[in-house]
Amino acid sequence: MIKVLVTGGAGYVGSVLIPELLHKGYYVKVLDNLMYNSMSLLPYFVDDRFEFIKGDVRDEKAVQQALKDADYIIHLAAIVGAPACQRDARLAEEVNYNGTVNLHKLRSRSQGMIYASTGSNYGAVENGVCTEETPLNPLSVYGVTKTNAEKLLLDSGNVVAYRFATAFGLSPRLRLDLLINDFAFQAVKNGSIIIYEKHFKRTFIHVRDMARSFLFALENYAQLRGEVYNVGSETMNFTKEEIALKIKDKVNYFLYFADFGADPDQRNYEVSYEKIRAKGFETTIAIEKGLDELIKAYRTISLIRPFSNVD
Ligand SMILES: NC(=O)c1ccc[n+]([C@@H]2O[C@H](COP(=O)([O-])OP(=O)(O)OC[C@H]3O[C@@H](n4cnc5c(N)ncnc54)[C@H](O)[C@@H]3O)[C@@H](O)[C@H]2O)c1
């Protein structure tokens with residue numbers, strides 16, 4: 001049986017990925033320090049193929065224990081997003097970079113790694129379309145720490161690095177700070193949205209498509225290995241205004257465009273996903289479907305959005 005270690009597996013992405021891995025027959029180990037007290041993985045504790053280590057990627061002992069017998073590592077653990085990293089830059093550096101150093105240093109040569117990198121690594125891009133060759137110019141602590149960790153792993157040759165678009169969609173550990181999740185939340189719960197930098201172009205991926213991309217990497221590791229890939233879809237490149245108007249098709253709310261506020265990562269570009277598509281991976285979930293799911297949940301469940309900036 002193939003054993004997969006997922007660091008940060010109790011998070012927004014991991015909580016959608018873990019059941020998919022179990023469903024496909026993998027043995028799954030999670031290393032997570034549960035910093036958000038998430039109970040999202042509780043249903044899987046009954047499964048003999050599921051193991052949970054409550055520990056920190058900064059702790060060599062915990063990492064050693066987690067790595068034992070793993071065939072692959074999916075590395076998700078991080079302080080995620082510019083606002084969260086800004087709040088505690090030192091923690092972000094320690095977790096996002098030093099945590100990755102630990103995993104890389106302590107793994108054996110045969111243990112392949114799939115790294116959740118980010119489009120935030122591109123930072124401000126001068127006009128045009130972003131490919132994997134576009135120079136990295138990270139602006140935030142988040143972008144810098146993720147870029148440095150990605151470089152370390154790519155230099156080793158034994159990694160598949162995925163630069164993901166911004167995720168959206170439902171997860172048992174729901175992140176309401178993600179742009180689409182936040183806009184839909186505000187429209188449903190507050191009846192209004194204020195948007196800055198409305199013409200800024202962003203690129204999105206449904207969280208279930210992210211999970212599928214990890215399964216794809218496990219199944220095709222030898223063909224993908226040693227390279228970095230943008231992961232998303234050109235059909236999911238939208239301006240913030242376009243997102244707001246798509247929500248307006250489904251929810252009646254007041255929309256106001258402001259001329260204050262700025263994205264710390266200055267993400268304003270279109271992204272090409274040709275490289276991963278040529279390997280055989282395409283996303284499947286359109287924005288309309290993801291929005292319908294979010295709106296249905298927001299209308300049904302009472303959720304409180306903790307105060308934090310949108311990512
Ligand atoms: N969600 C997105 O839009 C997106 C986009 C691009 C890349 N990514 C990357 O995907 C990964 C997962 O993101 P997410 O949205 O699920 O974030 P998340 O914050 O929901 O999950 C991160 C998980 O890591 C755990 N963690 C944090 N510090 C840890 C530590 N020191 N030791 C062990 N575990 C620790 C947390 O408890 C949490 O469960 C991250 O690496 C992120 O950079 C996410």
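Remember, predicted model here, so these are calculated numbers, not experimental data. Read the numbers this way: they start at 1 and go in the same order the structure lists the ligands and their atoms.
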Protein residue, atom and distance nearest to atom 13 (O) of ligand 1, heavy-atom basis: Val80 CG2, 3.7 Å

Ligand 1 contact on Asp56 by region, counting heavy-atom pairs under 4.0 Å: both

Structural part of Val95 in contact with ligand 1, heavy atom criterion under 4.0 angstrom: side chain

Region of Arg163 that comes within reach of ligand 1 [heavy atoms, distance under 4.0 Å]: neither

Geometric class of the His206/Phe168 ring pair [parallel <30°, tilted 30-60°, perpendicular >60°]: perpendicular

Heavy atoms from other residues, nucleotides or ligands near CG of Asn252 exceed 12 (cutoff 6.0 Å): no

Contact partition for Ser38 relative to ligand 1, non-hydrogen atoms under 4.0 Å: neither

Numbered atoms of ligand 1 (with element) below 4.0 Å of Tyr36, judged on heavy atoms: 19 (O)

Ser117/Asn121 under side chain to side chain donor-acceptor pair (under 3.5 Å): CA gap, chis, key distance, verdict: CA-CA 8 Å; Ser117 195; Asn121 294 0; 3.0 Å; yes

Distance-only polar pair, side chains of Ser156 and Arg107, donor-acceptor under 3.5 Å: yes

Residue pair Arg163 / Tyr122, side-chain donor-acceptor N/O under 3.5 Å: yes

N or O pair under 3.5 Å between Phe164 and ligand 1: no

Option set Asn102, Asn98, Asp32, criterion heavy-atom distance to atom 36 (C) of ligand 1, minimum: Asp32

Check: Glu51/Tyr27 side-chain N/O donor and acceptor closer than 3.5 Å: yes

Side chain, backbone, both or neither: Leu34 near ligand 1, heavy atoms under 4.0 Å: backbone

Heavy atoms from other residues, nucleotides or ligands near OH of Tyr256 exceed 12 (cutoff 6.0 Å): no

Close N or O approach (Thr118, ligand 1; < 3.5 Å): no

Part of Ser117 with heavy atoms under 4.0 Å of ligand 1, whether side chain, backbone, both or neither: backbone

Contact (N/O only, under 3.5 Å) between Arg173 and ligand 1: yes

Distance-only donor-acceptor check, side chains Asn230 and Ser272, under 3.5 Å: no

Numbered atoms of ligand 1 (with element) below 4.0 Å of Leu178, judged on heavy atoms: 3 (O)

Which residue and heavy atom of the protein sit nearest atom 10 (O) of ligand 1, plus the separation: Ala116 CB, 3.5 Å

Atoms in ligand 1 flagged as close to Met35, the criterion being non-hydrogen separation under 4.0 Å: 27 (C), 28 (N), 36 (C), 37 (O)

For Ala167, atoms of ligand 1 separated by under 4.0 Å from a heavy atom: 1 (N), 2 (C), 3 (O)

Min N/O separation Met210 to ligand 1 under 3.5 Å: no

Protein contact to atom 16 (O) of ligand 1 [nearest heavy atom, distance to 0.1 Å]: Val13 N, 2.8 Å

NZ or CZ of Lys240 within 45° of Tyr196 ring axis and under 6.0 Å: yes

Ligand 1 N/O within reach of Leu76 N/O, cut-off under 3.5 Å: yes

Aromatic contact, Tyr162 with Tyr115 (centres under 6.0 Å): no

Which residue and heavy atom of the protein sit nearest atom 34 (N) of ligand 1, plus the separation: Asn33 N, 3.3 Å

Proximal ligand 1 atoms for Gly55, defined as those under 4.0 Å from one of its heavy atoms: 32 (N), 33 (C)

Interfacing atoms of ligand 1 (cut-off 4.0 Å, heavy-atom, Ala77): 24 (O), 34 (N), 35 (C)

Closest approach of Ala62 to Gly55 (non-hydrogen atoms, all atoms of both residues): CB-CA, 4.3 Å

Those atoms of ligand 1 less than 4.0 Å from some heavy atom in Thr166: 3 (O)

Verdict with supporting geometry, Arg202 and Thr239, side chain to side chain donor-acceptor pair (under 3.5 Å): CA-CA 6 Å; Arg202 294 280 298 267; Thr239 65; over 6 Å; no

From CA spacing to verdict: side chain to side chain donor-acceptor pair (under 3.5 Å), Thr203, Tyr273: CA-CA 11 Å; Thr203 180; Tyr273 298 100; 2.6 Å; yes

